[in-house]
Amino acid sequence: MAADKVDPIHQFHITKLVPINLGHYDVSFTNSSLFMAATVIVATLFLVMASSGRSMVPNRWQLVAEMSYSFVANTLRDAAGKAGMQFFPLVFSLFMFVLVANLLGMIPYFFTITSHIIVTFCLAMLVISTVVIYGIWKHGFHFFGLFVPSGVPAALVPLVTMIEVISFLSRPISLSVRLFANMLAGHITLKVFAGFVVTLSAAGVAGMAGSVLPLAMAVALTALEFLVAFLQAYVFTVLTCMYLNDAIHPGH
């Protein structure tokens, strides 16, 4: 048990809460499943309660909800124009899910679902799949003009097209890894410094005096992690809007 308290990897372990097996498939309800559901519930309750009053002079919760709404709407409108507003429910849902999941992960003994690559990759694939399906449905084969920039000399078209295709296929990887890596690295670093505090504090008076520095670092890293939680939700939203713009306006 003592080893678990200072093990920086232990916080990312998936544990089965309700074992469920369907044939050869394990679909157990895990701690990750629990916090995914908790993220949706918390985000939904916050938005419902914050918007229930609809006061002319908003309280702090209504103000936060309205600022979140305005931020996503303005970001999507700036990146994809008015036509992009049809994707507002998707983008706003992704923003709130990532933000709330990141913030819930900052609570001690809670689980950070965005620190798992499978979760962030599924979110990224949702975005890219929407881009591809809508782009082909709306523009047909013209959507593939996205991979052939205008004004490129004919001799360079094959090379440029290959680069554009590779760049497009790398989007879900970069989108998912960016969020996953930042949350994983931040939580590991925070847990390491917290482990130093616990270890040094158990070494007597001298150890307690020496634990002041890692304690200060842990406090600073906690503040930084809250900033990263907001920043990564912001980056994920901005990139999603940029990718959706390619589906709406595939021409370069």
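Computed from a prediction, not measured in an experiment: that's the story for all the values here. We count residues from 1, following the sequence as given.
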| field | Under 3.5 Å side-chain donor-acceptor pair for Glu225 and His187 | value | yes
| field | Single-linkage hydrophobic cluster Leu76~Met242, side-chain heavy atoms < 4.5 angstrom | value | yes
| said: With rounding to the nearest 0.5 angstrom, report the CD1 to CE distance, Ile188 to Met183. | reply: 12.0 Å
| request: Find the distance between CE (Met36) and CG (Leu104) and round it off to the nearest 0.5 Å. | output: 12.5 Å
| field | Identified side-chain hydrogen bond (donor to acceptor under 3.5 Å, both in side chains) counterpart of Thr114 within the set Thr120, Asn102, Thr39 | value | Asn102
| said: Count I, L, V, M, F, W, Y as connected when their side-chain heavy atoms are under 4.5 Å apart, and connections chain through other members. Are Ile166 and Phe147 then in the same cluster? | reply: no
| message | Does Met85, at its CE atom, have more than 12 non-hydrogen atoms belonging to other residues, nucleotides or ligands within less than 6.0 Å? | response | yes
| field | 4.5 Å side-chain heavy-atom contact, Leu123 and Phe97 | value | yes
| message | Run Phe88 and Tyr69 through ring-ring contact (aromatic ring centres under 6.0 Å, His included) and show every step you take. | response | CA-CA 9 Å; Phe88 177 81; Tyr69 180 98; 4.8 Å; yes
| Under 4.5 Å between any side-chain heavy atoms of Thr30 and Leu17, yes or no? | no
| query | Between His116 and Phe111, does a ring-ring contact (aromatic ring centres under 6.0 Å, His included) hold up when you go through it step by step? | reply | CA-CA 10 Å; His116 281 256; Phe111 189 81; 5.1 Å; yes
| field | Parallel, tilted or perpendicular: rings of Phe95 and Phe92 (30°, 60°) | value | tilted
| Do the rings of Phe143 and Phe168 sit parallel, tilted or perpendicular, given the 30° and 60° boundaries? | perpendicular
| field | Separation between CG of Leu224 and CE of Met217, rounded to the nearest 0.5 Å | value | 9.0 Å
| field | Side chain to side chain, Leu239 and Arg171, heavy atoms closer than 4.5 Å | value | no
| field | Pairwise side-chain contact, Val64 with Arg60, heavy-atom cut-off 4.5 Å (strictly under) | value | no
| So does Phe230 have more than 12 non-hydrogen atoms from other groups sitting under 6.0 Å from CZ? | no
| Is there side-chain contact between Thr112 and Phe35, with heavy atoms separated by less than 4.5 Å? | no
| Quick one: are Val148 and Val160 in side-chain contact, heavy atoms under 4.5 Å? | no
| Sub-3.5 Å donor-acceptor pair from the side chain of His249 to the main-chain atoms of Leu244, do we have one? | no
| Any donor-acceptor N/O pair, Asn21 side chain to Gly23 backbone, under 3.5 Å | no
| Side chain Ser70, main chain Glu66, donor-acceptor under 3.5 Å | yes
| Does the pair Leu90 and Leu126 meet the rule for a side chain to side chain contact (heavy atoms under 4.5 Å, CB included), with working shown? | CA-CA 10 Å; Leu90 171 65; Leu126 173 62; 4.0 Å; yes
| query | Would you call Cys241 and Val91 a side-chain contact if the rule is heavy atoms closer than 4.5 Å? | reply | yes
| message | Please check: side-chain N/O of Asn31 versus main-chain N/O of Thr15, any donor-acceptor pairing under 3.5 Å? | response | yes
| Separation between CG of Asn245 and CG of Asp78, rounded to the nearest 0.5 Å | 11.0 Å
| field | Contact check, side chains of Arg178 and Val235, non-hydrogen atoms, under 4.5 Å | value | yes
| said: Could you see if Leu184 belongs to whatever hydrophobic cluster contains Val192? Use Ile, Leu, Val, Met, Phe, Trp, Tyr and a side-chain cutoff under 4.5 Å. | reply: yes
| said: Nearest 0.5 Å, please: how far is CG in Leu221 from CG in Leu227? | reply: 12.0 Å
| query | Roughly how far, to the nearest 0.5 Å, is the OG1 atom of Thr44 from the CE atom of Met49? | reply | 12.5 Å
| With a 3.5 Å cut-off and no angle check, do the side chains of Thr237 and Thr240 form a donor-acceptor pair? | no
